There are 2 protein chains.
Amino acid sequence: MATDMPQKDIETIVKDQDLIGRRHLQICDAALKLFSRKGFHRTTVREIAEACGLGIGTLYSYIKTKEDILHLVYRRILESFEARMLEATRGIQDPRLQLKAALEETLKIYDECQDVVLLLYQESHALGRQGLQGLFEVDRTYVGFFREILDRGIRAGQFAVKEPHLLAVCILFLCAVWDLKRWNLQGYTLETVIESLTTLILNGISADPLVKLQPQ
Amino acid sequence: MATDMPQKDIETIVKDQDLIGRRHLQICDAALKLFSRKGFHRTTVREIAEACGLGIGTLYSYIKTKEDILHLVYRRILESFEARMLEATRGIQDPRLQLKAALEETLKIYDECQDVVLLLYQESHALGRQGLQGLFEVDRTYVGFFREILDRGIRAGQFAVKEPHLLAVCILFLCAVWDLKRWNLQGYTLETVIESLTTLILNGISADPLVKLQPQ
DNA sequence: GGAGGCCGATCGAGCGCTCAATCAGGTGCG
DNA sequence: CGCACCTGATTGAGCGCTCGATCGGCCTCC
């Protein structure tokens, strides 16, 4: 599962693989905080070095360019998202309930990590072509996950969807509204959003319109 | 209509208001192309000056900072979006049809102006607080427009929506999927997306589930 | 002649990145 | 054990450069 994404392995001066791993974690932690607060462009490499307790030169022993740091951060984030997602929906049989659970978990993740999601949407264009391809790949597996749920629901006759892939993309995208439009959603709670989106989507794709979730 | 948004009027050296207006248009046109192609940060003021046929010094007679240019561009874009939107839905009585028309027009705009929409989502954080407030204001009127349609539909008993504002935000946001996730939507046509989103949303909020649009 | 608009050479702050010097820990030898 | 040696990680001053912004002189038109 995405463990073998197109790695674009970062060139390092240092040889020790174990050390590289630890340092990369260190760098990610520091960079993530700074990027979230100030954005990628406004954060200097010096700041990152200072924040993770390394000299600039040392930092550059573990990366080749500033962009590499962004790449590290993204990779780490998306892997953790995907893991949580799989964990939260594993073993649910009913497609309707599984979709509901997937939506709920994604929104919870997005709620906890709003800084990160903003970073993903706003700064990803700072990556080069190769870096973007890597991101796309991960996103595709995430979307593919929603798509599988939709497909199962369609086969079971519960969902009426003509373009499952398109819809999967839309559903996942819609979750980001909570982060990208939060300034226009003040006053709403996470629970309200979960409920509203779930209702909208489940009703929107339901094959049997009489079985409405949360009819009220 | 948004003509009196919090203007954050740009300080200029030049006095002639008419000239300022023309020059600002000139600057917008040039900057928009460059920003779309290279993003805000990677575009230099020198390039903008050259592209709009002004000297750097002259350009700086019509703005105070580089950020001002972004602000000008955004203002112009959003005003034109709103105008098209109003034009396309004016006079439609049935809330269902009006919502459908609003969705369709928004998606068409977003299709034509994908560079611009990307710019809006990716670079808006380069604006200061004041600039952002201005954007938010315009976005709110745009959202408010969808909200009015929803409210009318609710009063008419056609829509079952608990949180109309939240839903309006979601609907408008969802349209951006066509631009922000286009790399994952290759192969789909604008028409397919319009149809799928319209179906999803109208079914998702319909009070009477038996009246499905495009049941097929 | 002077006010208003135009110009681009110039400034200097700030950036990503390098590299020669330094340090720490392991290894072999007497 | 102690010393010499070596490899590889660490350091930060500084290089080269870019960019936003300025400023003083120039042109044009009333």
Side-chain angles (χ1 to χ4, degrees), chain A residues 8 10-31 34-35 37-73 123 125-128 130-131, chain B residues 8 10-32 34-35 37-74 123 125-128 130-131:
Chain A
K8 198 246 177 190
I10 290 163
E11 279 181 57
T12 56
I13 307 282
V14 171
K15 318 286 174 63
D16 185 329
Q17 285 302 320
D18 189 54
L19 185 56
I20 291 175
R22 277 181 289 129
R23 289 276 187 257
H24 276 178
L25 278 186
Q26 206 176 336
I27 295 166
C28 274
D29 283 336
L34 288 166
F35 287 166
R37 178 147 33 96
K38 316 178 52 177
F40 177 70
H41 288 287
R42 296 202 195 290
T43 304
T44 69
V45 177
R46 275 173 180 73
E47 288 176 299
I48 298 171
E50 193 175 359
C52 64
L54 297 177
I56 310 172
T58 313
L59 178 55
Y60 270 98
S61 308
Y62 295 96
I63 55 166
K64 255 197 83 62
T65 69
K66 187 187 180 187
E67 194 189 306
D68 284 343
I69 304 177
L70 191 58
H71 188 79
L72 277 175
V73 169
E123 307 284 13
H125 62 131
L127 290 170
Q130 209 179 16
Chain B
K8 196 245 178 192
I10 290 162
E11 279 182 56
T12 57
I13 306 282
V14 171
K15 318 286 173 63
D16 184 331
Q17 286 301 320
D18 189 53
L19 185 56
I20 291 174
R22 278 181 289 130
R23 288 276 187 256
H24 276 178
L25 278 185
Q26 205 175 337
I27 296 166
C28 273
D29 284 336
L32 180 51
L34 287 166
F35 288 165
R37 179 149 30 97
K38 316 178 52 177
F40 178 70
H41 288 286
R42 296 201 195 290
T43 304
T44 69
V45 176
R46 274 173 181 70
E47 289 176 299
I48 298 170
E50 194 176 358
C52 64
L54 297 176
I56 309 172
T58 312
L59 177 56
Y60 269 98
S61 309
Y62 294 96
I63 55 166
K64 254 196 84 61
T65 69
K66 185 187 181 188
E67 194 189 306
D68 284 343
I69 304 177
L70 190 57
H71 188 80
L72 277 175
V73 169
Y74 280 159
E123 308 283 13
H125 62 131
L127 291 170
Q130 210 180 14

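Model, not experiment: these values are computed from the prediction.
One interatomic measurement links the two molecules: NE2 of B:His41 to C1' of D:dG20, which rounds to 13 Å at whole-angstrom precision. Summarising the geometry, the separation between CG on A:Leu54 and C1' on D:dA9 is reported as 11 Å, rounded to the nearest angstrom. Here C:dC17 presents its P atom at 15 Å from CD of A:Glu47, a figure rounded to the nearest Å. One interatomic measurement links the two molecules: CD1 of B:Ile56 to C1' of D:dG20, which rounds to 9 Å at whole-angstrom precision. Atom NZ in A:Lys64 sits about 14 Å away from atom C1' in C:dC19, given to the nearest Å. The separation between A:Ile63 atom CD1 and D:dT10 atom P is 14 Å, rounded to whole Å. Distance CG (B:Asp16) to P (C:dA3): 17 Å, rounded to an integer number of Å. Per the geometry, OH belonging to B:Tyr62 stands 17 Å off C1' belonging to D:dT22, to the nearest Å.
Within 4.0 Å (heavy atoms only), B:Arg42 reaches no atom of the nucleic acid at all. Residue B:Ile13 is classed as having no contact, given no heavy-atom separation below 4.0 Å to the nucleic acid. Residue-level contact check: B:Thr43 touches the backbone only, with heavy atoms under 4.0 Å from sugar-phosphate atoms and none from bases. B:Thr44 comes within 4.0 angstrom of sugar-phosphate atoms only, judged by non-hydrogen atoms across all strands, and of no base.
Taking the side chain of B:Thr58 as heavy atoms from C-beta on, and the options C:dC7, C:dC17, D:dG20, the nearest nucleotide is C:dC7. Considering only the side chain of B:Leu19, C:dG5 comes nearest among D:dG12, C:dG16, C:dG5. Distance from the side chain of B:Lys15 is smallest for C:dG5 among the nucleotides C:dG5, C:dA9, D:dG12. Residue B:Thr65 places its side chain closer to D:dA21 than to any other of C:dC17, C:dG5, D:dA21. Closest to the side chain of B:Lys66, out of D:dG20, D:dT10, C:dC6, is D:dG20. Residue B:Tyr60 places its side chain closer to D:dG20 than to any other of C:dG8, C:dG16, D:dG20.
Closest of all the heavy-atom pairs between B:Thr58 and B:Leu54 is CG2-CD2, 4.1 Å. Nearest heavy-atom pair across B:Leu34 and B:Ala51 is CD1-CB, 3.8 Å.
On a pure distance criterion of 3.5 Å, no polar donor-acceptor pair joins the side chain of A:Arg46 and the base of D:dT11.
With hydrogens and angles ignored, the 3.5 Å screen pairs no side-chain donor or acceptor of A:His71 with any backbone N or O of A:Leu127.
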Solution key, residues 39-49 of chain A side-chain donor-acceptor pairs under 3.5 Å, sequence neighbours excluded:
from    : atom 1 : to      : atom 2 : distance (Å)
A:Thr43 : OG1    : A:Gly39 : O      : 2.6
A:Thr44 : OG1    : A:Glu47 : N      : 3.1
A:Thr44 : OG1    : A:Glu47 : OE1    : 3.4
A:Glu47 : OE1    : A:Lys38 : NZ     : 3.2
A:Glu47 : OE1    : A:Thr44 : N      : 2.8
A:Glu47 : OE2    : A:Lys38 : NZ     : 2.5

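Heavy atoms of other residues, nucleotides or ligands lying less than 6.0 angstrom from CD of A:Glu50 number 12 at most.
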